[in-house]
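When a ligand or atom number is given, it counts from 1 through the structure's own listing order.
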Amino acid sequence: MPRTNPDDRATTPRRPHLPLRPLWLCRVCAAPWPCAVARLTLRREYAHDCVGLSVYLCAVLHEAVADLYRLNPHDGPDPAALFTRFVGWARPQNLR
Ligand SMILES: [Zn+2]
């Protein structure tokens, strides 16, 4: 089975920084999703639709909370930290 050289992956243009579920880590850079590149991409995609971005991020937060608490039901992530990570960064005053 052919394997992808990590160096090749790093130089592949336009590989989307999408979440690896259920861990919610970036498939490209392994940072907690949305990583910096994913945030920039989302800001660009929703540049003229701040409400749409917030609605999308709330839906993502809902799915992420379900996944992350299922993985770690007794010591799950802090709800406020999850809100900041998935939704809070996109508040309109942060878009300027
Ligand atoms: Zn990434």
Side-chain angles (χ1 to χ4, degrees):
M1 181 175 186
R3 295 184 51 160
T4 302
N5 182 329
D7 291 335
D8 292 341
R9 286 187 315 205
T11 58
T12 301
R14 295 190 174 270
R15 188 159 181 238
H17 286 242
L18 298 174
L20 174 65
R21 293 182 65 177
L23 298 175
W24 291 90
L25 299 176
C26 177
R27 290 178 180 268
V28 175
C29 66
W33 196 91
C35 64
V37 174
R39 290 179 184 193
L40 287 173
T41 302
L42 287 165
R43 282 183 180 175
R44 189 170 49 242
E45 290 177 0
Y46 286 89
H48 303 291
D49 188 7
C50 290
V51 174
L53 176 58
S54 293
V55 170
Y56 170 73
L57 291 173
C58 286
V60 170
L61 172 63
H62 181 80
E63 294 182 23
V65 166
D67 284 345
L68 294 172
Y69 280 95
R70 188 170 48 249
L71 287 176
N72 198 358
H74 302 294
D75 191 23
D78 175 53
L82 287 178
F83 179 86
T84 299
R85 171 180 161 188
F86 284 93
V87 180
W89 66 270
R91 291 187 309 188
Q93 64 266 27
N94 293 339
L95 292 174
R96 294 183 187 135

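- Side-chain contact between Tyr69 and Asp75 is absent, with no heavy atoms from C-beta onward closer than 4.5 Å.
- The cluster map of Ile, Leu, Val, Met, Phe, Trp and Tyr, joined by side-chain heavy atoms under 4.5 Å apart, puts Leu53 and Val37 in different clusters.
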Just distance, no hydrogens or angles: give the donor-acceptor pairs under 3.5 Å from side chains in residues 21-33, sequence neighbours left out.
from, atom 1, to, atom 2, distance (Å)
Arg21, NE, Asp67, OD2, 2.9
Arg21, NH1, Glu63, OE1, 2.6
Arg21, NH2, Asp67, OD2, 2.9
Trp24, NE1, Asp67, OD2, 2.9
Arg27, NE, Pro19, O, 3.1
Trp33, NE1, His17, O, 2.8

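- Excluding waters, the set of protein N, O or S atoms lying under 2.8 Å from the Zn ion (ligand 1) comprises His17 ND1, Cys26 SG, Cys29 SG, Cys35 SG.
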- Query: So Leu42 and Tyr56, side-chain contact (heavy atoms from CB on, under 4.5 Å) or not? Walk me through it.
  - Reply: CA-CA 10 Å; Leu42 287 165; Tyr56 170 73; 3.8 Å; yes

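- Follow the hydrophobic side-chain contacts under 4.5 Å out from Tyr46 and you reach Leu61 in the same cluster.
- Two residues are said to be in side-chain contact when any heavy atoms from C-beta on lie closer than 4.5 Å; Val87 and Val60 fail this criterion.
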